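Fair warning: this is a prediction, and the values are worked out from it, not measured in the lab.
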Amino acid sequence: MAFWRLVSTKNNPNPNPNSTLCFIRTFSTSFLITKTPKSQTKKRKKKESARTKEVQHESERIQHFENILHRDNRFRFFLKTKDFLSKQPQQVLRLDDAGKLYRELGFPRGRKVLKYIQRHPLVFQTYRHSNDKIWFGFTDFMESFLEEEERIMDEMEKERIDVVRKLLMMSANKRIPLSKIYHCRSLFGIPEDFRDRVRNYPEYFNTVVEEDGKRILELVKWDQKLAVSALEREFMVDEDRAKKAFQFKVKHGKFLDLGEQDERKLNLLNTLPLVSPYSDGSRLDLWTLEAEKYRVGVIHEFLSLTLEKRASIHHIVEFKEELSLTKHTYAMLLKQQRSFYLAGTEMNWVVFLKDAYGEDGVLIHKDPLVVFNEKLCEFADKQKLEIE
């Protein structure tokens, strides 16, 4: 080593103490294995997307609720096309135009709309116009169904008016944009021309047009008789059952060694008293127990006002501001499994009011419009008319 320093000093009049380090760095180390071979690494499972991940684990699913969603998917094209076509002039639509309206008609983008039309031969029919363009519209049998639906809407108008009044009474400022009610009209069984019908009830509603042109429906008069929730009515009939609707657990240490009965009594201290969904929830401190009890009660009452006692995330988000809800609604509902059942995926879920359904998954009390819709879907599913 001393000889090497001597030679280096002679050849270099200005010796650099780091020259040896530089010399070593010139050697390549690419031949060394610095990573673990892929064959020896554990493959990590990709986190499932919220778009496809099911809300309920397979072992905890209630199949009859899941089947309702499958039925909805099956009849999506029929129901959405029926509503869209009903609003068209002469209730007809050119096939070329229909192919571009995949969102409005409820069929996958890139698919041929004619294929979906032909699935329902008793409902839709096609014909060639004089300009050689193909159009489609309703069959004569379907038009008779639409007349029956209109008759039911007229008969149930008073009940639907009360539903809208209750929605306004639950809202933070007792006002809701008409567009939101119209967008969710099928959820509550509200007719297509509801925005015109409200003019016949000046004692209940007032329509205000804001600067941006948005039409707002306001509550004219508070009705204490309507300000009674479905859960409060049940409490008068079956107090024990109503007490079990929600559960707000009290955190406690294991050293208390509480039995099941004692733990239930302890939780009742948090659960009761319930907070009415017709109280002003916007004044409550956002993260208090009272505020969460209010939001749970609001969702319960909201679902009780719907035709089928269920609603999707899109319907609930539509009224998020009016009902003083938060972005944690999904997690909040998951904790209340006694009253609610969530089906679908984490991104596109539907919440059911469990007590409104029997053990067979059938609604206990069916609105006349629900009975009509079931008959209509049964008719639409047939390929030919059965003549008795």
task: Run the numbers on L167 and I176 for side chain to side chain contact (heavy atoms under 4.5 Å, CB included), then give the verdict.
output: CA-CA 8 Å; L167 283 173; I176 300 175; 4.1 Å; yes

message: Within the 4.5 Å heavy-atom criterion, are Y330 and E346 side-chain neighbours or not?
response: yes

message: If we ignore hydrogens and angles and just use 3.5 Å, is the side chain of K221 paired with the main-chain N or O of F205 as donor and acceptor?
response: no

field: CD (E359) with more than 12 external heavy atoms under 6.0 Å
entry: no

message: Could you check whether any side-chain heavy atom of K53 comes within less than 4.5 Å of a side-chain heavy atom of T345, counting everything from C-beta outward?
response: no

message: Could you check whether any side-chain heavy atom of R61 comes within less than 4.5 Å of a side-chain heavy atom of E54, counting everything from C-beta outward?
response: yes

Residue pair R76, N73: steps toward the side chain to side chain donor-acceptor pair (under 3.5 Å) verdict: CA-CA 5 Å; R76 178 182 288 113; N73 292 332; 2.6 Å; yes

- request: Go through the steps for D154 and R151 under the test salt bridge (charged side-chain N to carboxylate O under 4.0 Å, His left out), then give the verdict.
  value: CA-CA 5 Å; D154 292 338; R151 178 182 58 78; over 6 Å; no

- request: Locate the shortest heavy-atom distance separating D280 from A172; write the atom from each residue and the value.
  value: OD1-O, 4.1 Å

message: Can you give me the closest heavy-atom contact between G361 and I68, atom names plus distance?
response: O-CD1, 4.1 Å

By side-chain hydrogen bond (donor to acceptor under 3.5 Å, both in side chains) - contacts of R103 (at least two apart): none

- request: Let me see the working for F145 and F379 under ring pair (Phe, Tyr, Trp, His ring centres under 6.0 Å), right down to the final yes or no.
  value: CA-CA 10 Å; F145 269 99; F379 172 78; 4.6 Å; yes

message: Please give me the minimum heavy-atom distance between R94 and W135, naming the atom from each residue.
response: N-CE3, 3.4 Å

task: Would you check if V296 and F340 make a side-chain contact, meaning some heavy-atom pair closer than 4.5 Å?
output: yes

- prompt: Are the ring centres of H328 and W287 closer than 6.0 Å?
  reply: yes

query: Does T139 use its side chain to pair, donor to acceptor, with the backbone of L122 at less than 3.5 Å?
result: yes

message: Does Y278 form a side chain to side chain donor-acceptor pair (under 3.5 Å) with Q224? I'd like the steps, not just the answer.
response: CA-CA 10 Å; Y278 294 99; Q224 192 59 39; over 6 Å; no

task: Please report the C-alpha distance between K87 and D193 in whole Å, then the side-chain angles of each, then the deciding distance to 0.1 Å, and finally whether the salt bridge (charged side-chain N to carboxylate O under 4.0 Å, His left out) criterion is met.
output: CA-CA 10 Å; K87 295 181 287 185; D193 60 348; over 6 Å; no

field: Flag for S312-H314: side-chain donor and acceptor within less than 3.5 Å
entry: no

- request: Could you grab the distance from atom CG of D72 to atom CG of N67, nearest 0.5 Å is fine?
  value: 11.0 Å

- prompt: Quick one: does T81's side chain have a donor or acceptor within less than 3.5 Å of a partner on F78's backbone?
  reply: no

query: Would you call F194 and L178 a side-chain contact if the rule is heavy atoms closer than 4.5 Å?
result: yes

field: Pairwise distance CG(D355) to NE2(H300) - rounded to 0.5 angstrom
entry: 6.0 Å

Side-chain (K309) to main-chain (L353) donor-acceptor, under 3.5 angstrom: no

message: When you group the ILVMFWY residues by side-chain heavy-atom contacts below 4.5 Å and let the links chain together, are I190 and I216 in the same group?
response: no

task: Indicate yes or no for a side-chain donor-acceptor contact from R215 to the backbone of T207 under 3.5 Å, with no hydrogens or angles considered.
output: no

Side-chain ion pair, E290 and K293, N-O less than 4.0 Å: yes

query: Backbone N or O of I134 within a donor-acceptor pair of the H129 side chain at under 3.5 Å?
result: no

- prompt: Which pair of heavy atoms, one from L69 and one from G344, lies closest together, and at what distance?
  reply: CD1-N, 3.5 Å

E150 atom CD: more than 12 heavy-atom contacts under 6.0 Å: no

- prompt: Are side-chain heavy atoms of F138 and S86 found at a separation under 4.5 Å?
  reply: yes

Verdict with reasoning, D83 to K80, per salt bridge (charged side-chain N to carboxylate O under 4.0 Å, His left out): CA-CA 5 Å; D83 289 342; K80 295 194 73 170; over 6 Å; no

- prompt: For the side chain of R185 and the backbone of Y182, is there at least one donor-acceptor N/O pair under 3.5 Å apart?
  reply: yes

message: Applying a strict under-4.5 Å side-chain criterion to I, L, V, M, F, W and Y, I'd like to know whether L325 and M347 cluster together.
response: no

field: Inter-residue atom distance E318.CD - L323.CG, 0.5 Å rounding
entry: 11.0 Å

task: For Q56 and Y341, work out which heavy atoms get closest and say how close.
output: CG-OH, 3.4 Å

field: Side chain proximity check, V371 to P368, heavy atoms < 4.5 angstrom
entry: no

field: Full working for salt bridge (charged side-chain N to carboxylate O under 4.0 Å, His left out) between E374 and K366
entry: CA-CA 10 Å; E374 290 178 350; K366 291 186 179 181; 3.0 Å; yes

- request: For this output row, return yes or no: ring centroids of Y127 and F136 closer than 6.0 angstrom.
  value: no

K133/D97 ion pair, N-O < 4.0 Å: no

query: In chain order, what residues pass the side-chain hydrogen bond (donor to acceptor under 3.5 Å, both in side chains) check against E378, with sequence neighbours excluded?
result: none

field: Side-chain ion pair, D381 and R74, N-O less than 4.0 Å
entry: yes

task: Could you list all the salt bridge (charged side-chain N to carboxylate O under 4.0 Å, His left out) pairs where at least one residue sits in residues 165-177, not counting sequence neighbours?
output: D162-R165, R165-D223, K166-E301, R175-E210, R175-E218

Test side chain to side chain contact (heavy atoms under 4.5 Å, CB included) applied to H64 and I62, step by step: CA-CA 6 Å; H64 56 249; I62 302 178; 3.3 Å; yes

message: To the closest 0.5 Å, what do you measure between OG (S186) and CG (L307)?
response: 8.0 Å

message: Below 30° counts as parallel, above 60° as perpendicular, anything between as tilted: where do the rings of F107 and Y102 land?
response: perpendicular

- prompt: In this structure, are over 12 heavy atoms from other groups packed under 6.0 Å from E203 atom CD?
  reply: yes

Salt-bridge contact K82-E149 (side-chain N to carboxylate O under 4.0 Å): yes

- prompt: What is the minimum heavy-atom distance between A227 and E232, and which atoms define it?
  reply: O-OE1, 4.0 Å

message: Rounded at 0.5 Å granularity, tell me how far CD1 in I299 sits from OG in S339.
response: 12.0 Å

message: Using the rule that Ile, Leu, Val, Met, Phe, Trp and Tyr join whenever any side-chain heavy atoms are under 4.5 Å apart, tell me whether Y201 and V164 fall into a single cluster.
response: yes

- line: d(R71 CZ, E66 CD) to nearest 0.5 Å is 13.5 Å

field: E147 side chain to S144 side chain, donor-acceptor N/O pair below 3.5 angstrom
entry: no

field: Validation row: F65, R310 side chains within 4.5 angstrom (heavy atoms)
entry: no

